[in-house]
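Position 1 is the first residue of the sequence; numbering continues from there.
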Amino acid sequence: NFVTSGGTGVFLPLAGGIMIGEITMPDDKAILFGGGKAFIKHSGNDMSILNDTGNITITNRANDKDIIFESDNGSGGTATYLTLDGGTTDAYFTNPGNVGIGESDPDARLHITSTASAGISNVKLESAGSSKWVFGIPAGETYFALDDTNDDLSTTKLVILKTSGNVGIGIEDPSSKLEVAIETSGNNVIGTLNNKDFATNNRSALKIRQAASNSSSFSAFLGAHQNGSIFLSNDSIASNHLTINGLGQVGIGILNQNRVLEVKSTGGDQGISLVQSGTDFKIAQIIQTGSGDGALLLTNGSGAQTILIRG
């Protein structure tokens with residue numbers, strides 16, 4: 001059943017011939033290579049390619065052609081799972097399902113599971129010779145971590161706790177929604193909100209919102225004005241409830257104050273009250289009357305007019 005050297009036939013040539021037919025092997029029989037160092041075998045259920053020495057190389061020498069791995073698609077057909085693109089040298093998964101690393105039942109487009117219970121699950125991004133970042137779940141932990149030094153996420157720069165969602169920068173157990181920890185002496189800037197648009201009257205602020213009920217809330221704004229002042233306002237970023245300019249002068253109800261303390265009333269009999277500690281009893285009040293005559297009153301707690309100064 002063999003073709004002689006240099007011949008052509010349907011059977012396997014001895015040497016130098018051409019086979020034009022097929023080789024049919026019964027189950028559990030193998031085609032051996034290199035004296036049994038490698039073989040191809042079908043057991044009746046599974047196909048096996050085994051090699052005992054050296055590397056296995058699969059090469060496609062056709063110009064601008066691909067190596068394509070296909071498998072059953074679960075519906076009686078086949079689907080492409082992996083393509084090695086000979087035109088771009090890219091390698092990509094094109095299967096319609098999910099990819100698992102350490103996970104036999106992936107339920108996300110990419111699902112990575114640690115190889116041991118409570119083990120590390122991490123991903124590393126690296127610019128060779130320049131920088132690296134590792135992110136994932138450290139061994140024995142439940143929080144998400146970001147680390148630029150150690151692959152085992154032991155020197156975290158940022159963490160997000162699993163249950164509370166608290167964020168920590170420089171700390172692994174933040175006790176509030178955002179906690180920043182540093183170990184540097186001297187003057188330290190913890191955070192910066194930088195608005196580079198210097199248009200007149202621009203304001204930038206940190207907003208803190210507190211719910212008053214299920215349907216309402218109020219906000220506080222702490223920020224900086226384009227003129228160099230800082231401000232604290234309630235419910236509107238444009239309000240000037242409390243301001244401090246570049247000279248340290250304080251304004252209440254006014255932005256461009258030019259005194260150490262300047263108070264601007266919004267109308268009516270408003271002014272300054274001195275209140276006894278622990279009570280609502282007003283010791284004295286300094287107010288501007290609402291009569292429009294520019295009068296200034298100094299009264300005691302009972303409302304009696306003690307001093308009246310008219311403009």
Side-chain angles (χ1 to χ4, degrees), residues 133 135 143-148 156-275 277-278 280 282 284-288 290 294 296:
W133 283 97
F135 62 89
Y143 58 75
F144 173 84
L146 191 65
D147 194 328
D148 68 341
T156 56
K157 295 297 186 294
L158 180 145
V159 302
I160 303 176
L161 299 190
K162 176 179 174 59
T163 303
S164 65
N166 291 352
V167 177
I169 300 177
I171 186 171
E172 294 181 353
D173 56 348
S175 58
S176 59
K177 284 302 179 183
L178 175 61
E179 185 171 347
V180 180
I182 58 175
E183 296 182 7
T184 305
S185 59
N187 300 322
N188 297 283
V189 176
I190 302 300
T192 301
L193 172 62
N194 191 353
N195 185 354
K196 295 184 178 181
D197 186 336
F198 49 83
T200 302
N201 292 324
N202 264 3
R203 294 175 182 240
S204 296
L206 173 67
K207 180 178 180 179
I208 303 172
R209 175 172 288 178
Q210 171 61 51
S213 66
N214 289 333
S215 59
S216 65
S217 63
F218 63 89
S219 302
F221 298 86
L222 175 62
H225 191 278
Q226 183 269 342
N227 71 358
S229 298
I230 63 174
F231 65 88
L232 176 64
S233 61
N234 182 34
D235 279 340
S236 172
I237 192 174
S239 298
N240 300 310
H241 294 140
L242 176 65
T243 64
I244 304 175
N245 63 20
L247 299 175
Q249 296 169 330
V250 178
I252 299 177
I254 187 173
L255 177 64
N256 298 306
Q257 64 271 20
N258 55 20
R259 300 289 187 270
V260 174
L261 173 62
E262 191 167 342
V263 181
K264 181 180 180 181
S265 171
T266 57
D269 294 338
Q270 301 186 34
I272 302 173
S273 296
L274 304 179
V275 181
S277 177
D280 292 331
K282 297 177 181 179
Q285 287 182 287
I286 304 174
I287 62 174
Q288 181 180 4
L296 184 67

A.B. asks: So does P174 get a backbone contact from the side chain of N166, meaning a donor-acceptor N/O pair under 3.5 Å?
C.D. replies: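 Such a contact is found between N166 side chain and P174 backbone.
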
A.B. asks: Residues in side-chain hydrogen bond (donor to acceptor under 3.5 Å, both in side chains) with S216, at least two apart?
C.D. replies: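 So S216 forms a side-chain hydrogen bond (donor to acceptor under 3.5 Å, both in side chains) with S213.
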
A.B. asks: Quick one: pull up CG in L255 and CZ in F231 and give me the separation to the nearest 0.5 Å.
C.D. replies: 9.0 Å

A.B. asks: Just verifying a value: how many Å separate L222 CG and L206 CG, rounded to the nearest 0.5 Å?
C.D. replies: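 Answer for the CG-CG pair, L222 versus L206, is 6.5 Å.
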
A.B. asks: Roughly how far apart are N240 CG and H225 NE2, rounded to 0.5 Å?
C.D. replies: 7.0 Å

A.B. asks: Atom CG in L161, atom NZ in K177: separation rounded to 0.5 Å?
C.D. replies: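 Going from the CG atom of L161 to the NZ atom of K177 covers 9.0 Å.
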
A.B. asks: Quick check for you: to the nearest 0.5 Å, what is the distance between S204 atom OG and Q226 atom CD?
C.D. replies: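 Between atom OG of S204 and atom CD of Q226 there are 10.5 Å.
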
A.B. asks: Are the side chain of S236 and the backbone N or O of A238 linked by a donor-acceptor pair below 3.5 Å?
C.D. replies: yes

A.B. asks: Of all heavy-atom pairs between F221 and D235, which one has the smallest distance, and what is that distance?
C.D. replies: CE1-C, 3.6 Å

A.B. asks: Which heavy atom in S217 sits nearest to a heavy atom in R209, and how many Å separate them?
C.D. replies: OG-CD, 3.4 Å

A.B. asks: So do the side chains of L158 and F135 get within less than 4.5 Å of each other, counting heavy atoms only?
C.D. replies: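 Counting from C-beta outward, L158 and F135 never come under 4.5 Å.
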
A.B. asks: Determine the minimum heavy-atom distance between N227 and S229, stating which atoms define it.
C.D. replies: OD1-N, 2.9 Å

A.B. asks: Please report the closest heavy-atom contact between Q257 and V250, naming both atoms and the distance.
C.D. replies: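 Heavy atoms only, the tightest pair is NE2-C, 3.6 Å.
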
A.B. asks: Grab the two heavy atoms, one from V159 and one from I171, that are nearest each other, plus how far apart they are.
C.D. replies: CG2-O, 3.2 Å

A.B. asks: Is there a side-chain contact between I169 and L178 in this structure, where contact means two heavy atoms from C-beta onward sitting under 4.5 Å apart?
C.D. replies: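 Result yes, sub-4.5 Å side-chain heavy-atom pair found.
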
A.B. asks: Say whether, by atom type as modelled, one donor and one acceptor occur between the side chain of N195 and the main chain of D197 under 3.5 angstrom.
C.D. replies: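 Yes, N195 side chain to D197 backbone: donor-acceptor pair under 3.5 Å.
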
A.B. asks: Looking at every non-hydrogen atom in both residues, tell me the closest pair between I160 and Y143 and how far apart they are.
C.D. replies: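 In this case the closest contact between I160 and Y143 is O-CB, 3.4 Å.
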
A.B. asks: What is the distance from atom NE2 of H241 to atom CD1 of I252, rounded to the nearest 0.5 Å?
C.D. replies: 11.0 Å

